[in-house]
Amino acid sequence: MTHVTKSFIYGIPKAELHLHLEGSLEPELKLQLATKNGIDIGQTTVEEVQKSYQFNDLSSFLGVYYPAMNVLQEEEDFYNLAMAYLRRVKEHNVRYVELFFDPQAHTTRGVAFETIINGYYRATQDAKEMGIRAHLIMCFLRDMSAESAMEHYEMSLPYHELILGVGLDSDERNNPPLKFQEIFARAKEDGLHLTMHCDIDQEHSIQNIHDVLHVIGVERIDHGTNIVEDPKLVDYVIEHNIGFTCCPVSNGFVTKDMKGKEIVELLHKGAKVTVNSDDPAYFQSYISDDMFALAEKENLTEADIIQLAKNSFEIAWMSDEDKKVYLDEIDAYVSAQ
Ligand code: ADE
Ligand code: ZN
């Protein structure tokens, strides 16, 4: 039990830094797009779609996640997907977002890179009218080849102004960070920010976390809570202000454990831990729901929630001046309670 109210959590200004746009495809929109684009997805009602969400680990989740993307065909579809997410999190007082997208999941189905990026980017621009600043992070699928990642990186070059950073997602098993060392070095040289998924309880988890920090040189780690197994690495991330984008509800689906103890241990040690939703349409949990679930499970205090919200701006890829504006907003919110 926590004494923090749901309304305090929903209302506190926050940034979301770990959100897969394709993971925000709600059943209603999926069915609507399937009808519009004449695609048979095998289900015709929301209930049937929800029933198809049977997963108990990362691989089985990804097995449901990728085929669903077939309904995304035209620029407008990508735009509408991103806008639906933005409208939804406006209710959670999300003020700033960095959105993951997976171009390879679409180009491999014959959708042009420009269709994807133009749709998503237009939504980030229209987000301003909602009072949300939005940016894009292009992810590479780690279960595809390094050559494919490089090809997509080169496809993205004419659109570099539209991308804030690069990330790495999908199935970590047998796809370690170093497979993508060259492309991340190139992206860094080109001035892009770097993050990588270190999924929960993976084989060679600590080695992979070591490599993303000491060889790739990421600024943030997505998930990554297995780091608690190695105190030296924990000291390193605290000293270097490396951020963690944790997703407790998602963790509960793919590992049967929210990893709340690990998240809170890191938070209380001073690591820049944040709470995010990952794939909210699949895990039926948007950012404040994740924060509330963690608060309930780990008995969080208001001070913990304030720290999580502050961390979300502190590890965002924005100027110190901009960070201060949002941090002041949090202080004003707290004072007004
Ligand atoms: N793609 C979408 N969600 C993901 C996750 N939780 N881990 C790895 N890849 C993903
Ligand atoms: Zn993720």
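We count ligands from 1, going down the list as the structure has it; atoms in each ligand are counted the same way. Only this structure's heavy atoms are used, side chains among them; waters, hydrogens and symmetry mates stay out.
- Note on ligand 1: Phe100 sits outside its first shell, no heavy atom being nearer than 4.0 Å.
- Checked by atom type, the side-chain pair Ser60/Asn56 shows a donor-acceptor distance below 3.5 Å.
- Ranked by closest heavy atom to atom 8 (C) of ligand 1, the top entry among Asp199, Leu62, Leu21 is Asp199.
- Ring centers of His152 and His106: at least 6.0 Å apart, outside the cut-off.
- Taking the centre of each ring, Tyr159 and Phe113 come in below the 6.0 Å mark.
- The distance from the CD1 atom of Ile41 to the CE atom of Met69 is 13.5 Å, given to the nearest 0.5 Å.
- Taking 4.0 Å as the cut-off, Glu22 does not count as a neighbour of ligand 1 on heavy-atom distance.
- Residue Leu58 holds the heavy atom nearest to atom 5 (C) of ligand 1 of all those in Leu19, Asp169, Leu58, Asp102.
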Donor-acceptor contacts under 3.5 Å from residues 44-53 side chains, at least two apart:
residue, atom, partner, partner atom, Å
Thr44, OG1, Glu48, OE1, 3.3
Thr45, OG1, Glu48, N, 3.0
Glu48, OE1, Thr44, N, 2.7
Ser52, OG, Val49, O, 2.5
Tyr53, OH, Lys30, NZ, 2.8

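- Not less than 6.0 angstrom separates the ring centroid of His20 from the ring centroid of Tyr85.
- The shortest side-chain heavy-atom distance between Glu172 and His204 does not fall under the 4.5 Å cut-off.
- By the criterion of a heavy-atom distance under 4.0 Å, the side chain of His223, and not its backbone, is placed next to ligand 1.
- Taking distance alone, with nitrogen or oxygen atoms compared against 3.5 Å, Ser170 approaches ligand 1 more closely than that limit.
- At a threshold of 4.5 Å between non-hydrogen side-chain atoms, the residues Glu98 and Leu164 count as touching.
- For an aromatic pair to be called close, the ring centres must be under 6.0 Å apart, and Tyr65 with Phe61 satisfies this.
- If you look at the Zn ion (ligand 2), the protein N, O or S atoms less than 2.8 Å from it are His18 NE2, His20 NE2, His197 NE2, Asp278 OD1.
- The nearest protein atom to atom 3 (N) of ligand 1, hydrogens excluded, is given as Asp279 OD2, 2.7 Å; this is a heavy-atom distance.
- Near Asp278, meaning under 4.0 Å from one of its heavy atoms, ligand 1 places the atoms 3 (N), 5 (C), 6 (N).
- Distance from atom 4 (C) of ligand 1 to its nearest protein heavy atom, with residue and atom name: His20 NE2, 3.7 Å.
- For an aromatic pair to be called close, the ring centres must be under 6.0 Å apart, and Tyr282 with Phe253 fails this.
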